[in-house]
Amino acid sequence: QRQMCIRDSTNIIKHSNGDQCHVYLSQDEQWLLLTVKDNGSSIGQNNRKVLAGNGLKGMEERIIKVDGSMVINVSSDGFVLDIKLPSYMI
């Protein structure tokens, strides 16, 4: 989980053009939920879109291996990454 937060933070610094980032972490009996939001322009300059080559593909592959999920939402308000991992991971 720590590595995912580091990777997310690195991606935000490099790619978002935003000035705010919020990280939310919660847990219930079955799931650990991590949400990372920024207020940047995820489409960015030159109509650049969020691509798997931005490090997200490798993260998603590792998350799927442990039966988790990753959802990316991009809007004019910024970028939102939701990660869901089984609670037994911690």
Side-chain angles (χ1 to χ4, degrees):
Q1 298 86 355
R2 183 177 60 87
Q3 278 302 111
M4 282 183 253
C5 285
I6 292 169
R7 171 68 70 174
D8 294 342
S9 300
T10 300
N11 283 339
I12 289 167
I13 291 166
K14 284 183 176 181
H15 304 294
S16 81
N17 299 316
D19 63 358
Q20 293 182 11
C21 174
H22 300 276
V23 178
Y24 304 95
L25 185 63
S26 62
Q27 180 181 4
D28 62 24
E29 290 183 19
Q30 293 183 324
W31 300 105
L32 178 68
L33 307 168
L34 172 67
T35 298
V36 180
K37 297 180 179 186
D38 72 41
N39 68 339
S41 171
S42 295
I43 301 298
Q45 298 172 348
N46 302 322
N47 201 27
R48 197 171 102 205
K49 296 181 180 175
V50 175
L51 302 172
N54 291 353
L56 297 171
K57 183 173 176 61
M59 272 179 44
E60 184 175 35
E61 289 171 354
R62 290 188 295 276
I63 290 166
I64 289 171
K65 281 184 182 179
V66 296
D67 298 322
S69 66
M70 183 173 100
V71 177
I72 297 170
N73 291 298
V74 180
S75 73
S76 60
D77 295 330
F79 175 87
V80 179
L81 176 66
D82 289 307
I83 296 173
K84 188 169 154 178
L85 296 170
S87 284
Y88 71 80
M89 295 296 300
I90 58 169

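Taking CD from E60 and CD1 from I72, the interatomic distance works out to 6.5 Å, rounded to the nearest 0.5 Å. If you take OG on S87 and CG on L33, they are separated by 8.0 Å, rounding to the nearest 0.5 Å. Rounded to the nearest 0.5 Å, atoms CG (L81) and CG (L34) are 7.0 Å apart. One finds the CD1 atom of I64 at 8.0 Å from the CE atom of M70 (value rounded to the nearest 0.5 Å).
When all heavy atoms of I63 and K84 are compared, the closest pair comes out as CG2-O, 4.2 Å. When all heavy atoms of D67 and Y88 are compared, the closest pair comes out as OD2-OH, 4.5 Å.
Taking the charged nitrogens against the carboxylate oxygens, E61 and K65 have no contact shorter than 4.0 Å, which rules out a salt bridge.
V74 and Y24 fall into different hydrophobic clusters, defined by Ile, Leu, Val, Met, Phe, Trp and Tyr side-chain heavy atoms under 4.5 Å apart, directly or through other members. W31 and V23 sit in two unconnected hydrophobic clusters of ILVMFWY residues. Membership requires side-chain heavy atoms under 4.5 Å apart, directly or through other members.
Connectivity analysis of hydrophobic side chains (ILVMFWY, heavy atoms under 4.5 Å, direct or indirect) links V71 to nothing; its cluster partners are none.
For the pair D82 and N73, the minimum side-chain heavy-atom distance is below 4.5 Å.
Under the side chain to side chain donor-acceptor pair (under 3.5 Å) criterion, N39 pairs with D19, not counting sequence neighbours.
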